[in-house]
Amino acid sequence: MASLSDQIEQFLKQMIEAASGRLEIQRQVLAARFGCAPSQINYVLETRFTVQRGYTVESRRGGSGYLRIIRYNLNGPARIVEFIEECLGVELPQREAEGIIERLAEEGSLSPREAALMKAVVDRETLSVDPPYRDRLRAALLKRMLVAIVSCQEE
């Protein structure tokens, strides 16, 4: 059985897909549907619908508040370059790096083999240096790998 967070994530992804990449919904409606506190909805949004995973979330609180979730389309080399420039900072934790890789694989921008290799490279076991340097090294490596893949796709 999937966890509640997984269920909420899958439900939202299906709704976003059905809404052509842009969804507006009330937080309290979601909480009522899943029988949970609104904070559980917030947790899912903060951890599973991040910019690194290709989403923008706007939130407005209050009685008539809403959530607006927009999914970026990363098909094509130009969009990936845009994504790299906007979303990849100087430091990148492993979870965020893996989220980016998974998102690009979902979009078809990376083959399963490329995604597996990239995950192996950004893994903390591979990057056996102190944490502040590890996150910097991970960000630099991921950027270079993505640029190399985009370069090959453009040829």
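Since this is a predicted model, take the numbers as computed values, not measurements.
Looking only at side-chain heavy atoms (C-beta outward), Q40 and F34 stay at 4.5 Å or farther from each other. Residues L127 and L141 meet the side-chain proximity criterion, which asks for heavy atoms closer than 4.5 Å. When side chains are defined from C-beta on, L30 does not count as touching V44, because their heavy atoms never get closer than 4.5 Å. Using a 4.5 Å heavy-atom cutoff, the side chains of R48 and I8 are not in contact. Taking 4.5 Å as the limit, some side-chain heavy atom of R27 sits within range of a side-chain heavy atom of N42.
Closest approach of T50 to E46, counting heavy atoms only: CG2-O, 3.3 Å. A pairwise comparison of heavy atoms in I41 and C36 identifies CD1-SG, 3.9 Å as the closest pair. A pairwise comparison of heavy atoms in P132 and E91 identifies O-OE2, 4.2 Å as the closest pair. Counting all heavy atoms, side chain and backbone alike, Y55 lies closest to R71 at OH-NH1, 3.0 Å. Among all heavy-atom pairs drawn from L92 and R138, the shortest one is O-NH1, 2.9 Å. Nearest heavy-atom pair, I101 versus K119, reported as atom, atom and distance to 0.1 Å: CD1-N, 3.8 Å.
Here CG of L23 is found 10.5 Å from CZ of R68. Values are rounded to the nearest 0.5 Å. Taken to the nearest 0.5 Å, the CE atom of M15 stands 14.5 Å off from the CZ atom of R22. Separating the CZ atom in R134 from the CD atom in Q94 is a distance of 8.0 Å, to the nearest 0.5 Å. For the atom pair M118 CE and I149 CD1, the distance stands at 4.5 Å (nearest 0.5 Å). Atom-to-atom distance recorded for L110:CG and R103:CZ is 11.5 Å, nearest 0.5 angstrom.
Under the 4.5 Å side-chain contact rule for hydrophobic residues, L4 and F49 share a cluster. Cluster membership for I25 and I70, using ILVMFWY side-chain heavy atoms within less than 4.5 angstrom, is not shared. Transitive grouping of hydrophobic side chains (ILVMFWY, heavy atoms separated by less than 4.5 Å) brings V121 and L142 into a common cluster.
When only modelled atom types and interatomic distance are considered, T126 and D123 share no side-chain donor-acceptor pair under 3.5 Å.
In this structure, K13 does not pair ionically with E17, as no charged nitrogen and carboxylate oxygen lie closer than 4.0 Å.
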(message) Walk me through whether L117 and M145 qualify under side chain to side chain contact (heavy atoms under 4.5 Å, CB included).
(response) CA-CA 10 Å; L117 287 170; M145 288 187 288; over 6 Å; no
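Formation of a donor-acceptor pair under 3.5 Å by the E96 side chain with backbone atoms of P93 is not found in this model.
In the displayed structure, R144 atom CZ is contacted under 6.0 Å by at most 12 heavy atoms of other residues, nucleotides or ligands.
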